[in-house]
A.B. asks: 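Encoded as C-alpha cells, here's the structure I'll be asking about.
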Amino acid sequence: MIRGTTPLEIGNIADHLTLQAQERPYSLAIAAPAGRDSSGRTRHVHYTYRQLEDDSNRIAAGLLQLGIGPGVRTALMVTPGLDLFAVVFALLKSGAIPVLVDPGLGRKGIGSCLADAAPEAFIGIPKAHLARRLFGWGRQTVRTAITVGGKGWGATTLQEVRRRGSQAARPGTSTRPEDVAAILFTSGSTGAPKGVVYTHQTFLGQVERIRTTYDIRPGEIDLPTFPLFALFDPALGMAAVIPEMNPTRPADVDPRRIIQAIEDFGVTNMFGSPALINAVGRYGEKHGTKLPTLRRVLSAGAPVPAAVLERFAGMLNEDTQVFTPYGATEALPVASIGSDEVLTETRQQTESGNGVCVGLPVAGVDVDVIPIHDRAIDRWDDAGTLPRGEIGEIVVRGDHVTREYFRRPAETALAKIVDPSAPVRHRMGDVGYLDDRGRLWFCGRKSHRVLLDDGTTLHTIPCEGVFNVHPAVYRTALVGVTEAGRTLPVLCVELEAGAAIDPATLRRELAALGKAHDHTRIIERFLIHPAFPVDIRHNAKIFREKLAVWAAAQTAPAAS
C-alpha cells in the first residue's frame with residue numbers, strides 16, 4: 001500500500017496518477033508544444049497532476065457511458081500531447097485495453113497489427129479515422145469511434161465524451177494487478193510486429209524497476225523523446241515535457257528544439273534513441289553546448305557506439321552519465337550500464353570483438369544463458385544453462401516480464417518457457433554471455449547469426465565491433481550470402497558523413513583489421529552501403545534481413 005491523502009492500494013497503473021494528484025496537485029505533470037511565439041521559440045500548454053487526474057476521470061466516465069469499459073480493446077492513434085495522456089489514463093481507469101501501434105509502420109503494417117488486435121473501439125485524430133475508413137482498419141470489429149482534435153467520420157468527439165463524463169459519477173476502479181492493461185506492438189525489426197500483452201502488474205513492475213535502478217524521485221522533469229515512455233512519468237512522479245519532433249523519425253530531430261526544451265524546463269531526465277543521442281551529441285560537440293540540469297540520460301533500442309556516448313557525455317556534468325538499459329518490449333529493463341563504465345572498462349573489449357557489455361541485471365531480474373535453440377522449449381528443466389563466458393541465448397524472468405503475445409500461441413510457445421518457480425521465463429531472441437562479474441554481454445540477435453558450411457557460427461556484434469573502430473566507418477552489419485551453394489560472410493559498411501576514403505583503400509584496411517582477430521579472419525568481402533535500413537521506432541536497429549538481400553544482389557566483391 002502506498003500512502004497518499006487517503007490510503008490507496010495500487011492495483012491499476014493509473015492509481016499512481018491519483019496518488020500524485022493527492023500529494024502534489026499543483027505540480028506540473030505534462031507540458032506539450034503548442035506552436036511558436038513571435039521570436040520562433042516553442043510555446044507550451046500544460047496540465048498539473050490535479051488537472052490531468054480530473055480530465056482523465058471525466059473522459060473515463062464518458063467512455064463507460066459509450067460502452068468502452070472493462071476488457072474493451074481500443075485502438076489509440078493520437079499524437080503526443082495533453083489529450084493523449086488524458087485518454088490513456090482514462091482508458092486504464094475505465095478498465096479498457098489500449099492497443100498501441102507505431103504509426104511509422106505504414107498502412108500495411110498498421111492494418112496487420114489492428115487485424116491481429118481486433119479492436120472494438122477506435123480513438124484517433126481525424127487523419128487516423130480517414131485512414132481507418134479508406135483502408136478498412138477494424139471494419140469487422142470496431143463498434144465505437146471517437147475523434148480527438150476535430151470532428152467528422154461519424155465518430156463522437158472527445159469533447160462530447162468529456163461533456164458526458166462531467167455529468168456522471170467519478171468512475172470507480174476495481175482492476176486487479178493480473179488484469180490486462182494494454183497491448184503494445186513490437187517494432188517489427190525482426191519479423192512481423194507482435195502484440196505484447198501487458199497486465200497492470202507488468203506496468204507496476206516496470207515502474208518500480210526504473211525508479212530503483214535510476215534513483216528517480218518525485219519532482220523531476222523528464223524529456224521523453226519516445227511517446228510510450230512518457231506515459232510512465234506520472235507514475236514516477238516526473239513531469240513530462242513533450243519535445244517538438246516527429247517521434248517516428250528520431251534520427252532527423254532538430255537538436256536545437258531538444259536543447260531548448262531542456263533549458264526552458266530545467267530537464268533532469270531524458271530518454272533518447274541512439275540515433276537521437278547521436279544527432280544531439282554531434283550538434284553539442286560542434287557548438288560547445290552544455291546541459292547542466294540533466295542528472296541522467298537513458299538510451300535504448302540498439303547498442304550505442306562508444307563514440308556516440310562520449311560525444312553526448314561531453315555535454316553533461318562530470319557526475320552525470322548516459323545509461324544504456326537493455327531490454328525489449330516484452331521485458332524492460334533487464335540490465336543497465338553507465339557511460340563511465342563503457343568508456344573506461346569495457347570499450348577495449350568491445351573493439352576487440354567481445355560483444356557489447358549491457359551491465360549487471362537490474363534488481364528483481366534473473367538472467368540466464370542457455371544453449372541456442374530455434375525450437376520451442378516446453379519446460380525450464382529442459383533448457384539447460386551455460387557456464388559464464390560461453391555465448392548462448394539470453395533468458396530472463398521478473399515480475400515485469402510479459403507472459404504472452406495476443407492471439408499468437410505459436411509465437412508465445414517459442415518465446416516463453418514454463419517454470420514452476422516463476423510466472424514465466426522469456427527468451428529475449430538475443431545471444432550473449434555472462435562474464436565472471438555477472439555482467440551481461442550482448443552479441444546480437446539470434447536470428448542474425450551467420451552459420452557457415454563448416455559449422456562455424458559468426459555472431460554479429462562481436463564481429464562488427466572489430467571493424468567499427470575504423471575512423472571512416474559509422475557502423476557495420478554482418479550478413480550471410482549464399483554463393484555457388486556456399487554461405488559466405490559479408491560485411492556491409494555505412495561510412496561516417498563526409499568521410500573521404502577510396503573504397504579499395506577502405507577494403508584493404510578493413511581486411512587488415514579482420515585478420516588481427518581469429519573470429520573475423522574469415523570475413524573478406526566488404527560492401528559499402530549508402531544508408532542502412534533501420535527500424536521505425538528508434539531509427540537504430542539495423543534491418544540486416546534487408547541488407548542480406550541487397551548484398552546478395554551485388555554482382556562482384558568489389559561492388560560499392
Side-chain angles (χ1 to χ4, degrees), residues 30 32-33 73-89 91 96-119 121-139 141-142 145-150 152-153 155 158 182-196 198 223-232 240 242-254 257-258 271-273 275-276 279 300-302 328-329 406 533-541 543:
I30 312 162
R73 294 183 301 280
T74 305
L76 185 60
M77 300 190 71
V78 178
T79 50
L82 303 188
D83 284 341
L84 174 63
F85 277 78
V87 170
V88 167
F89 280 99
L91 287 167
I97 302 171
V99 176
L100 302 176
V101 180
D102 272 317
L105 286 173
R107 174 174 64 87
K108 290 184 178 179
I110 294 172
S112 176
C113 292
L114 294 182
D116 279 357
F122 190 103
I123 302 177
I125 61 175
K127 286 183 179 179
H129 283 285
L130 174 59
R132 174 176 67 88
R133 289 293 190 91
L134 288 176
F135 306 132
W137 297 342
R139 179 176 294 153
T141 59
V142 171
I146 296 170
T147 303
V148 176
W153 312 111
L158 183 59
I183 298 172
L184 279 55
F185 276 84
T186 61
S187 64
S189 57
T190 53
K194 299 181 289 292
V196 180
Y198 267 58
L223 186 75
T225 62
F226 179 45
L228 179 60
F229 287 176
L231 300 174
F232 287 110
I242 308 302
E244 186 180 7
M245 62 175 285
N246 181 345
T248 68
R249 303 189 66 178
D252 299 330
V253 70
D254 183 344
R257 299 296 173 195
I258 300 298
F271 173 85
S273 80
L276 183 142
T329 306
F406 184 70
V534 293
D535 70 298
I536 50 87
R537 177 171 293 175
H538 299 298
N539 295 174
K541 294 179 182 176
F543 279 118

A.B. asks: Residues two or more places apart in sequence or in another chain: which of them pass ring pair (Phe, Tyr, Trp, His ring centres under 6.0 Å) with F271?
C.D. replies: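 Ring pair (Phe, Tyr, Trp, His ring centres under 6.0 Å) check on F271 returns F229.
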A.B. asks: Is there a side-chain contact between M245 and P250, using heavy atoms and a 4.5 Å cut-off?
C.D. replies: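 Contact flag for M245/P250 side chains = yes.
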A.B. asks: Looking at P224, P33, P227, which hits side chain to side chain contact (heavy atoms under 4.5 Å, CB included) with P80?
C.D. replies: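 Between P80 and the candidates, side chain to side chain contact (heavy atoms under 4.5 Å, CB included) is satisfied uniquely by P227.
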A.B. asks: According to ring pair (Phe, Tyr, Trp, His ring centres under 6.0 Å), who are the partners of F85, at least two apart in sequence or on a separate chain?
C.D. replies: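 Ring pair (Phe, Tyr, Trp, His ring centres under 6.0 Å) check on F85 returns nothing, list empty.
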A.B. asks: Could you list the residues that satisfy side chain to side chain donor-acceptor pair (under 3.5 Å) with T248, not counting sequence neighbours?
C.D. replies: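 T248 satisfies side chain to side chain donor-acceptor pair (under 3.5 Å) with N246 once adjacent residues are dropped.
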A.B. asks: Can you list everything that forms a side-chain contact (heavy atoms from CB on, under 4.5 Å) with D83? Sequence neighbours excluded, please.
C.D. replies: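 With neighbours one apart ignored, the set is V148, L158, R162.
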A.B. asks: If you compare all heavy atoms of V78 against all heavy atoms of L76, which two are closest, and at what distance to 0.1 Å?
C.D. replies: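 Here V78 and L76 meet closest at CG2-CD1, 3.6 Å.
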A.B. asks: Between T74 and A121, is there a donor-acceptor pair closer than 3.5 Å when you use the side chain of the first and the backbone of the second?
C.D. replies: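 No, because the side chain of T74 does not come within donor-acceptor range (under 3.5 Å) of the backbone of A121.
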A.B. asks: Which heavy atom in L84 sits nearest to a heavy atom in T79, and how many Å separate them?
C.D. replies: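 Result for this residue pair: CB-O, 3.6 Å.
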A.B. asks: Name all residues meeting the ring pair (Phe, Tyr, Trp, His ring centres under 6.0 Å) criterion together with Y198; count only those two or more places apart in sequence or in a different chain, and write none if there are none.
C.D. replies: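 Applying ring pair (Phe, Tyr, Trp, His ring centres under 6.0 Å) to Y198 gives F203.
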A.B. asks: Taking the side chain as everything from C-beta on, heavy atoms only, tell me whether V253 gets closer than 4.5 Å to T225.
C.D. replies: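 Counting from C-beta outward, V253 and T225 never come under 4.5 Å.
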A.B. asks: Below 3.5 Å, can you tabulate the donor-acceptor pairs from side chains in residues 97-109 to any protein atom, sequence neighbours excluded?
C.D. replies:
residue	atom	partner	partner atom	Å
D102	OD2	R537	NE	2.7
D102	OD2	R537	NH2	2.9

A.B. asks: Contact between L91 and I123 at the side-chain level, heavy atoms closer than 4.5 Å - yes or no?
C.D. replies: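 The answer is yes; the side chains approach within 4.5 Å.
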A.B. asks: Where is the tightest heavy-atom contact between A118 and R73, given as atom of each residue plus distance?
C.D. replies: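 Nearest pair, atom of A118 first, then R73: O-NH2, 3.1 Å.
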